[in-house]
Amino acid sequence: GVSLGSHSLGSSALFRSNGVRFASSPTQYGRSMCVGAVKEPDIDVKEWMGPGQKIGPQNPAHPAEKPYDNLHLKKNKVEFDKKDSQLLKEPILSELFNDEISITPSAVNILKHHGSYQQQNRDLRANRKEMMASYQFMLRLKVPCGITTPEVYRVLDDLATDYGQNDLKATTRQAWQMHGIVKGDLKHAIKTIREAGSNTLGGCGDINRNVMTSPAPFATPEYDQMRKYATVIAQVLAPQSDAFADIWLDGEKQATVEYYQRYVGDTDIAAMAKFDNGRGVMTGHEQEPLYGKTYLPRKFKIAVTPEGDNSLDLYINDIGLVVLMEDDGKTLKGFNVVVGGGMGRTHKKETTFARAADHLGFVKPDDVVELCKAILAAQRDHGNREVRANARMKYLVHTLGIHGFRDLVQEYFGKEIPPVEPMKEWKFSDWLGWHDQGDGKMFKGFFVASGRIRDQDGVNVKSALRKVVDEYNTDVILTPSQNVIIGNIDPKDQAGVDALLAEHGIITDEKSLTPLHEGAIACAALPLCGLAITEAERVLPEYIDRIHTKMDSMGLGDQSVIFRMTGCPNGCGRPYMAELGLVGDGANSYQIWLGGTDKLDGVGWAYKDYVKTQDLEDTLEPVLALYKMKRKTNESFGSFCKRVGKAQILGFAEKYELGSWEDVVDGNNKMLTGKLKGVKIDADLHSRLKTLAKKNKMSIQAFATKLLMEGTYGME
């Protein structure tokens, strides 16, 4: 049988329920009953275990002290929808072919696991009839490593033209989204994508989502290992239910192999997925041995990258793996592991927060997949299913602390997790421009505003990308900053590719972009996202221009700043890690975040709330002025804000007079940035300065500048 570890039948433990510590005793079903608890469980545990299942959130394999027991679920409807879904099948199967243009809320909750969201056009809110007629569906693919073959891309481009809104969206997790599909076309679109060798299963939902990597297609050992393990993990952690085949493929197992199998080599995915170490990683469920009947408490995100390359925001993930090579540069040494990152939060709800991942430890190559399974199992059993707003693994890591979480994972893993290995300093890059792959071929990265692949206002990205794919048969790679890389280009074709892009209005020279363009992200927001409070994607180009114009007017136009914006606090655009983040908090206002760095290794802090759109430049000016005055040589904007801190910036801004930045000394080059406008000095001193300036054949401003820089010059 399956071992239940220290929480097996006949064992007892101490745990907390609703903040009160209780002794526990087992029942005949193997779960723990709260003795003396104020509230009895509001569920029948038997109904929450599937065929053969012995382990799950109501009967964890190992105990952990936490302020909930997952036995009081009445406030979390999604858990009931998953329980009743027949492993993600119903009520989708019952509702998909009826005459309604929409589906019920329960079907919406289950459909997410298949990679689709129901949406409405919120621009039509003034006309209820048109609004109710605007129901449509978004599809999100699972695209490990962000790589799409030319064959799959052509299918997506055609589907978007024929069945969608004639565009595609590159997401912040390197996946494709297709908008505007009506319910009657949903099955055809999903089936066509699967037949092409791709998939939507796991694009959304309470399961492992798309596994991210650095987008750089370097043909080097560390990047090869990155792609291999990202793809292996994506497939090992995929759900095993027949629901996808039954709903979308008429019950037939699709013969077409996913194109990303090419990175797996001879790895036995099925054996890895089925392997049971006997320590409670596997639930015992006959069809979903890893996930069990109710899958995970919330979404689960993983990323893999070589040390030094943080082009993917490693620390925002539930699990982040850092590829480490031996000194020979050819042999895989293992992985440093980080856990517990996540962006989602709610305004004015302090129990929700953005969190950067902690360092868990180091793992060898042979154990990395099993460790990922063990971490997932710990979250499966102990993540908060009673309060969905606190269901992400970041809250479990926060509750237990990294040491307590490590202890829990080691129980599932069955091995001690060694400390992290030393690694290189992080650097962000979105790989714009031309780069040598290392195998005789080149790759080209180019900017796409908010990742929207469309033809609009003379910038015809959709037509251009299709022509590049058709003419050069190249892979299309999505970056974590929503830009596009085309790879495997013969050096002799570089000029042709640049000419083709330029003909379609695409900027081919990254040097002609402002420093704010690289790394700029905006979530989709209005009109289709139901959670959006205000705009993001549609106004990103305007805000880039506005902020850059302000910085340029202050002599900071060449300064790179990682800028991101989202229409709500859920953080899909990762604003909390950025050097400058805007988070929608009103119909025409944003919360401003500062303190993230250019290395993307930590969460910043909220600087100002409810900043009206028209007040943005005036609100940023004192921050930029203080940065200009107090920065160290080559110090980035984000690192400066982190070093100086919120209190000092707020204090400076409170006393700051708009326009007075012209009088501050630039901390980077120690020169006055403008005239001594508004400086009040004693009349006698002014007369002396005027006399000395004339004697030295200089203006009073130039002489005062030199005097301040060189001390007693001319005063003898």
Side-chain angles (χ1 to χ4, degrees), residues 143-154 156-157 168 170 174 176 213-228 230-231 259-260 262-263 265 305-312 323 325 328-330 427-449 451 453 459-515 517-519 560:
V143 189
C145 312
I147 301 172
T148 308
T149 62
E151 294 79 15
V152 170
Y153 183 78
R154 292 185 187 103
L156 296 180
D157 184 64
L168 292 165
Q174 297 178 277
W176 289 111
T213 64
S214 166
F218 290 121
T220 59
E222 66 270 27
Y223 283 85
D224 289 343
Q225 296 289 355
M226 171 194 76
R227 287 183 284 270
K228 173 184 175 180
T231 306
Y259 64 87
Y260 36 82
R262 65 187 183 184
Y263 300 113
T305 191
E307 61 173 324
D309 182 353
N310 197 15
S311 52
L312 45 48
V323 177
M325 306 298 289
D328 62 7
K330 300 177 181 179
K427 181 181 179 182
F428 167 78
S429 174
D430 207 40
W431 306 107
L432 298 180
W434 284 105
H435 302 269
D436 190 337
Q437 289 183 181
D439 59 355
K441 297 295 182 70
M442 306 291 291
F443 70 88
K444 166 83 173 185
F446 62 91
F447 176 78
V448 179
I453 311 297
V459 182
N460 300 318
V461 182
K462 187 172 184 290
S463 296
L465 200 50
R466 181 58 182 262
K467 277 197 170 185
V468 168
V469 168
D470 285 344
E471 189 164 334
Y472 298 100
N473 205 41
T474 178
D475 286 346
V476 177
I477 305 168
L478 304 182
T479 82
S481 295
Q482 301 177 292
N483 295 321
V484 170
I485 289 174
I486 46 180
N488 298 316
I489 302 294
D490 195 295
K492 66 179 176 58
D493 294 325
Q494 285 181 253
V497 169
D498 277 339
L500 191 156
L501 295 175
E503 286 169 10
H504 289 79
I506 296 171
I507 296 174
T508 59
D509 181 7
E510 70 280 6
K511 294 178 182 178
S512 62
L513 295 167
T514 74
H517 279 86
E518 184 175 16
S560 175

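By convention here, the first residue in the shown sequence is residue 1. Values below: all heavy atoms of this structure, side chains included; hydrogens, waters and symmetry mates excluded.
- Of the possible polar contacts, one joining the K444 side chain to the T508 backbone as a donor-acceptor pair under 3.5 Å is found.
- Within the model, atoms CZ of F446 and CD of E510 stand 13.0 Å from one another, a figure rounded to the nearest 0.5 Å.
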Check the pair E151 / Y259 against side chain to side chain contact (heavy atoms under 4.5 Å, CB included), numbers first and verdict last. CA-CA 10 Å; E151 294 79 15; Y259 64 87; over 6 Å; no
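- Pairing each heavy atom of V323 with each of Q225, the nearest pair is CG1-CB, 4.3 Å.
- Residues R262 and D475 are paired through a salt bridge, judged by an N-O separation under 4.0 Å between the basic side chain and the carboxylate.
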From CA spacing to verdict: side chain to side chain contact (heavy atoms under 4.5 Å, CB included), I147, Y260: CA-CA 8 Å; I147 301 172; Y260 36 82; over 6 Å; no
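- T479 and W431 share no donor-acceptor pair across their side chains, judged by distance under 3.5 Å alone.
- Taken from CD in Q437 to CZ in F443, the straight-line distance is 6.5 Å, to the nearest 0.5 Å.
- Nearest heavy-atom pair, D224 versus F218, reported as atom, atom and distance to 0.1 Å: OD1-O, 4.1 Å.
- Rounded to the nearest 0.5 Å, atoms CG (N310) and NZ (K427) are 12.5 Å apart.
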Distance-only check: which donor-acceptor pairs under 3.5 Å involve side-chain atoms of residues 480-487, not counting sequence neighbours?
residue: Q482; atom: OE1; partner: A522; partner atom: N; Å: 3.2
residue: Q482; atom: NE2; partner: A170; partner atom: O; Å: 3.3
residue: Q482; atom: NE2; partner: S450; partner atom: O; Å: 3.2
residue: Q482; atom: NE2; partner: A522; partner atom: O; Å: 3.2
residue: N483; atom: OD1; partner: V448; partner atom: N; Å: 2.9
residue: N483; atom: ND2; partner: D430; partner atom: OD2; Å: 2.5

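- Residues meeting the salt bridge (Lys or Arg N to Asp or Glu O under 4.0 Å) test with D509, sequence neighbours left out: none.
- When every heavy atom of F447 is checked against every heavy atom of L432, the shortest pair comes out as N-CD2, 3.9 Å.
- Pairing each heavy atom of C145 with each of T231, the nearest pair is SG-OG1, 3.9 Å.
- Taking CG of L501 as the reference point, atom CG of N460 lies at 11.5 Å (rounded to 0.5 Å).
- Judged by distance alone, with hydrogens and angles left aside, the side-chain atoms of Y263 form no donor-acceptor pair with the main-chain N or O of A230 at under 3.5 Å.
- Atom NE2 of H504 is separated from atom NZ of K462 by 11.5 Å, given to the nearest 0.5 angstrom.
- Taking both residues in full, the closest heavy atoms of Q174 and L478 are given as NE2-O, 2.9 Å, listed atom of the first, atom of the second, then distance.
- Under the 4.5 Å side-chain criterion, counting only non-hydrogen atoms from C-beta, Y153 is in contact with L465.
- The CG atom of N488 sits 6.5 Å away from the CG atom of D439 when rounded to the nearest 0.5 Å.
- Closest non-hydrogen pair, D470 versus R154, comes out as OD1-NE, 2.8 Å.
- Side-chain atoms of R227 never come within 3.5 Å of backbone atoms of T213 as a donor-acceptor pair (strictly under, hydrogens ignored).
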